[in-house]
K.L.:
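Below is the structure I would like to discuss, written out as structure tokens.
Both backbone and side-chain heavy atoms feed into the values below; hydrogens, waters and symmetry mates do not. These numbers come from a predicted model, not from an experiment.
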Amino acid sequence: AFAVAGLGSGLTEAVVVNPFEVVKVTLQTNRNAFTEQPSSFVQARQIIKTDGLGFQGLNKGLTATLGRHGVFNMVYFGFYFNVKNILPVNKDPNLEFLRKFGIGLVSGTIASIINIPFDVAKSRIQGPQPVPGEIKYRTCFKTMATVYKEEGFLALYKGLVPKIMRLGPG
């Protein structure tokens, strides 16, 4: 039940967050950052005007974002709450804190390991394409397959350590 609830919350989060991610990535990859930096609202309007609201525009990379958030929350909440209920509660508040922190750290680490290929795909799809004017990274699973084929298995895990350092302790 906790895993299904986590999946549902992650999918909902992804639908809400994805347009903001597209705007953020577009702003971050702007090479003219110091000469002409549009506001987030202006950038969003430009994306809508140029590419629309669909999967090439403001919702570019939605399937990868759904996978990233859905898988992470499903694994995290499913693991955390099931393990938390198995391990005995400590009466000492310091030991209880360590128990919950440890379970959260392991949950976040496992969830990050499982979901990072979706994160890599999302970054490739939403970020600048290798050849300007040519879309190489279009869909989630094809992007993962392309990265695996061209760069190897470990390329699907780029950025794992910083991600664990950010999300694991959470």
Side-chain angles (χ1 to χ4, degrees), residues 1-30 40 47 55 58-90 93-130 135-170:
F2 290 115
V4 173
L7 176 63
S9 71
L11 295 176
T12 303
E13 177 186 16
V15 169
V16 171
V17 165
N18 193 70
F20 298 104
E21 288 280 326
V22 172
V23 172
K24 178 190 83 163
V25 169
T26 304
L27 288 170
Q28 287 175 337
T29 58
N30 181 0
S40 297
I47 292 169
F55 296 126
L58 208 54
N59 279 297
K60 183 190 312 182
L62 179 61
T63 55
T65 306
L66 287 166
R68 181 177 87 158
H69 289 272
V71 167
F72 182 88
N73 287 357
M74 179 179 71
V75 172
Y76 183 87
F77 288 111
F79 186 89
Y80 180 85
F81 285 104
N82 283 299
V83 171
K84 189 179 118 193
N85 292 332
I86 293 170
L87 296 178
V89 175
N90 288 296
N94 292 329
L95 291 176
E96 180 59 16
F97 168 77
L98 288 176
R99 178 182 82 95
K100 288 180 179 176
F101 180 80
I103 296 167
L105 180 63
V106 171
S107 300
T109 300
I110 292 170
S112 294
I113 290 168
I114 293 171
N115 95 319
I116 195 148
F118 291 98
D119 200 5
V120 169
K122 182 198 92 57
S123 297
R124 299 287 179 101
I125 293 166
Q126 291 178 344
Q129 300 292 315
I135 298 176
K136 179 176 183 178
Y137 304 115
R138 193 176 300 272
T139 65
C140 180
F141 291 106
K142 282 186 180 180
T143 297
M144 284 188 224
T146 300
V147 170
Y148 174 77
K149 187 169 133 183
E150 293 179 358
E151 301 173 45
F153 179 74
L154 292 179
L156 292 170
Y157 288 85
K158 285 182 179 179
L160 178 62
V161 172
K163 182 175 182 146
I164 290 172
M165 292 173 70
R166 179 174 65 96
L167 294 173

K.L.:
Checking Phe79 now: which residues fulfil ring-ring contact (aromatic ring centres under 6.0 Å, His included) with it, not counting sequence neighbours?
P.N.:
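By the ring-ring contact (aromatic ring centres under 6.0 Å, His included) rule, Phe79 matches no residue at all.
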K.L.:
Working to the nearest 0.5 angstrom, can you tell me the gap between Phe72 CZ and Ile113 CD1?
P.N.:
11.0 Å
K.L.:
For Asn115, which residues count as a side-chain hydrogen bond (donor to acceptor under 3.5 Å, both in side chains) partner, sequence neighbours excluded?
P.N.:
Lys163
K.L.:
Decide yes or no for Ser123 and Val25: does some side-chain heavy atom of the first lie under 4.5 Å from some side-chain heavy atom of the second?
P.N.:
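Contact flag for Ser123/Val25 side chains = no.
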K.L.:
Do any pairs count as a salt bridge (charged side-chain N to carboxylate O under 4.0 Å, His left out) and have a residue in residues 98-111, sequence neighbours left out, and if so which ones?
P.N.:
Glu96-Arg99, Glu96-Lys100
K.L.:
Mind checking side chain to side chain contact (heavy atoms under 4.5 Å, CB included) for Leu7 and listing every partner two or more places apart, or none if nothing turns up?
P.N.:
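Listed in chain order: Leu11, Met74.
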K.L.:
Can you name the residues that form a side-chain hydrogen bond (donor to acceptor under 3.5 Å, both in side chains) with Arg124, not counting sequence neighbours?
P.N.:
Tyr137, Glu151
K.L.:
Could you tell me which residues satisfy side chain to side chain contact (heavy atoms under 4.5 Å, CB included) with Thr139, sequence neighbours excluded, listed by chain and number?
P.N.:
Lys142
K.L.:
Among all residues two or more places apart in sequence or in another chain, which pass the side chain to side chain contact (heavy atoms under 4.5 Å, CB included) test with Ser9?
P.N.:
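Ser9: side chain to side chain contact (heavy atoms under 4.5 Å, CB included) contacts with Asn73, Phe77.
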K.L.:
Could you check whether any side-chain heavy atom of Met144 comes within less than 4.5 Å of a side-chain heavy atom of Phe141, counting everything from C-beta outward?
P.N.:
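Yes, close enough: below the 4.5 Å cut-off.
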K.L.:
Would one find more than 12 heavy atoms of other residues, nucleotides or ligands at under 6.0 Å from atom CZ of Phe81?
P.N.:
yes
K.L.:
Got a sec, which residues hit side-chain hydrogen bond (donor to acceptor under 3.5 Å, both in side chains) with Lys122, two or more places apart in sequence or on another chain?
P.N.:
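side-chain hydrogen bond (donor to acceptor under 3.5 Å, both in side chains) list for Lys122, sorted by chain: Glu21, Gln126.
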K.L.:
With sequence neighbours left out, what residues match Lys84 under side-chain hydrogen bond (donor to acceptor under 3.5 Å, both in side chains)?
P.N.:
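Partners of Lys84 by the side-chain hydrogen bond (donor to acceptor under 3.5 Å, both in side chains) criterion come out as none, since no residue qualifies.
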K.L.:
With a 4.5 Å heavy-atom cut-off, do Ile116 and Leu156 have their side chains touching?
P.N.:
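No, too far: nothing below the 4.5 Å cut-off.
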K.L.:
List in chain and number order the residues that pass side chain to side chain contact (heavy atoms under 4.5 Å, CB included) with Ile114, two or more places apart in sequence or in another chain; answer none if no residue qualifies.
P.N.:
Val71, Val75, Ile110
K.L.:
Kindly write out the residues that satisfy ring-ring contact (aromatic ring centres under 6.0 Å, His included) with Phe20, not counting sequence neighbours, or none if the list is empty.
P.N.:
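Checked Phe20 against ring-ring contact (aromatic ring centres under 6.0 Å, His included); zero matches.
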K.L.:
Under the ring-ring contact (aromatic ring centres under 6.0 Å, His included) rule, collect the residues that match up with Tyr157, sequence neighbours excluded.
P.N.:
Phe153
K.L.:
Would you give the length of the straight line joining atom CG of Leu27 to atom CD1 of Ile47, rounded to the nearest 0.5 angstrom?
P.N.:
7.5 Å
K.L.:
Could you report the tightest heavy-atom contact between Lys60 and Ile125, atom names first, then the distance?
P.N.:
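Taking every non-hydrogen atom into account, CD-O, 3.1 Å.
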K.L.:
So, does Gln129 use its side chain to make a donor-acceptor pair with the main chain of Ile135 at under 3.5 Å?
P.N.:
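Looks like no, no N/O pair under 3.5 Å.
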